[in-house]
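For reference, the structure is listed below as structure tokens.
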Amino acid sequence: MKGSVISLLIVAYVGFGVSVREYHIPYVENRKDIRIKYVFRREEDIAQFAEYEPFYPEIIFTTDFKTVLDDPEINLVVVSAPDKFHVPYAKQILNAGKHALIEKPFAPTAKEAREVFDLAKTKGLVCMPNQNRRFDADFLAVKEVVDSGKLGKLVRLESHYDYFKTNGWYDHLGTLYNLGVHTTDQIISLLGMPNKVRYDVRSIHHPGVGDDYYDIELFYGNSKASVNTSMCVLIDYPRFTLHGTNGSFTLPPVIHNSGKKKVVGRHVISVSPAPEDRWGTLVYMNGSEKVMEKVSVGCAHYERVYDSLIDAIDNGGEKCVRDEEVMRVLEILKEATEAAKSWKK
């Protein structure tokens, strides 16, 4: 449904952690159609990132959420708070007449996600999860290769996001909802809804209470994609591997943000392409000739999430992350988490 045209999106953020400082603010702060007005945090959360506040003098920092919701200038509230607050905040925001962008996981269950989407529809507002990893540089390179048709019909796709952590990712359930939510969403955004899903989910380091190994297989007719994560990978394993009826493509992993040294200050994004040793290799048949190409990896484009929001608000355009995709991913994560719980000591 087409909403009223917004000439300027005035934004408030809930939370001031890495996501807000590195994946949101730098991608919108210089836009003419977006202005950041508030960052809201609870009193008990202020100390955690207080040293960053002086680097953002243009932003109003507040502990009064009512002030944010009552401000008639604010038309979008972005929630980057702990997972358990996502649905309550989303409902508060929508009931206050504001559009909402909610960090992943959007909700604990598909049922709760549907309640939020239904509320947004009733209010004539736009609400969407921030599945920004659809616009990662490496995934955009994969999409470019698939769209080129050079692989022929896709037969197999492997997505690996691996680490070596001697104590696992968490000592509790959470890897799927914090990492798997992105990698599963990427596959569904690329290939659509699977016909069948099969789970190999294990609890290696904390049996029955952790989810630190999973191989989720998504079937698409005669093709298969898998989302893989393990905490027991000590070698440089390909981030993506694709095989088709006419060729193959492999892409090495990029250095994950958690491996970078944190510097206190205003985060500045890099628009430089990845170094050539992080580029992909595409091999395919051109008639009887085998062709090998290097596929460059550019930079992330997380601003496209906001482009989609503005189009949905102003023009009634389809959201880049559709409601049914969100709910299917949550169904998969719930089933996979249940499988992890079955691994007891």
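When a residue number appears, it is its place in the shown sequence, counting from 1. All heavy atoms count here, side chains included; hydrogens, waters and symmetry mates do not. Keep in mind the model is a prediction, meaning the values are calculated, not measured.
Judged as a salt bridge (Lys or Arg N to Asp or Glu O under 4.0 Å), the pairs with a partner in residues 281-306 (not counting sequence neighbours) are, in order, Lys150-Glu293. Residues in residues 34-62 take part in these ring-ring contact (aromatic ring centres under 6.0 Å, His included) pairs, two or more places apart or across chains: Phe16-Tyr56, Phe16-Phe61, Phe40-Phe65. Applying the side-chain hydrogen bond (donor to acceptor under 3.5 Å, both in side chains) test to residues at least two apart or on different chains, the pairs with a partner in residues 81-96 are Lys91-Glu115.
No more than 12 heavy atoms of other residues, nucleotides or ligands sit less than 6.0 Å from atom NZ of Lys334. Within 6.0 Å of NZ in Lys153 there are more than 12 heavy atoms belonging to other residues, nucleotides or ligands. Around atom CG of Asn222, no more than 12 heavy atoms belonging to other residues, nucleotides or ligands sit under 6.0 Å away. Other residues, nucleotides and ligands contribute only 12 or fewer heavy atoms inside 6.0 Å of the NZ atom of Lys143.
Looking at Asp136, its side chain never comes within 3.5 Å of a backbone N or O of Asp138 through a donor-acceptor pair.
For Tyr237 and Asn228, the side-chain atoms include no donor-acceptor pair closer than 3.5 Å. Between Glu112 and Thr109, the side chains place a donor N or O and an acceptor N or O closer than 3.5 Å (distance only, hydrogens not considered). Judged purely by distance below 3.5 Å, without hydrogens or angles, the side chains of Tyr161 and Thr183 never pair a donor atom with an acceptor atom. A donor and an acceptor atom, one from each side chain of His205 and Tyr213, are nowhere located under 3.5 Å apart. A donor-acceptor contact under 3.5 angstrom links the side chains of His24 and Asn130, judged on distance only. Tyr306 and Arg31 form no side-chain donor-acceptor contact under 3.5 Å, judged by distance and modelled atom types alone. Side-chain contact of Ser159 with Arg239: a donor-acceptor pair under 3.5 Å is present, judged by distance alone.
Taking OG of Ser308 as the reference point, atom CD of Glu318 lies at 8.5 Å (rounded to 0.5 Å). Atom CD1 of Ile313 sits about 6.5 Å away from atom CG of Asn75, to the nearest 0.5 Å. With rounding to the nearest 0.5 Å, the separation of CG in Leu242 from CG in Leu190 is 8.0 Å.
Two rings, from Tyr170 and Tyr177, have their centers 6.0 Å or more apart. Checked against a 6.0 Å centroid threshold, the rings of Tyr23 and Tyr302 count as neighbours.
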With side chain to side chain contact (heavy atoms under 4.5 Å, CB included) as the test, would you mind laying out the steps for Ser19 and Glu103 before giving the verdict? CA-CA 9 Å; Ser19 179; Glu103 268 299 338; 2.8 Å; yes
Kindly indicate, with the supporting measurements, whether the criterion salt bridge (Lys or Arg N to Asp or Glu O under 4.0 Å) is fulfilled by Arg133 and Asp185. CA-CA 8 Å; Arg133 297 293 185 180; Asp185 176 76; over 6 Å; no
Start with the C-alpha gap between Val116 and Cys127, add the side-chain angles, then the distance that decides, and say whether side chain to side chain contact (heavy atoms under 4.5 Å, CB included) holds. CA-CA 8 Å; Val116 175; Cys127 184; 3.8 Å; yes
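In this structure, the side chains of Leu176 and Val181 stay at 4.5 Å or more apart for every pair of heavy atoms.
Of the candidates Glu325, Glu324, Glu331, Arg328 forms a side chain to side chain donor-acceptor pair (under 3.5 Å) with just one, namely Glu331.
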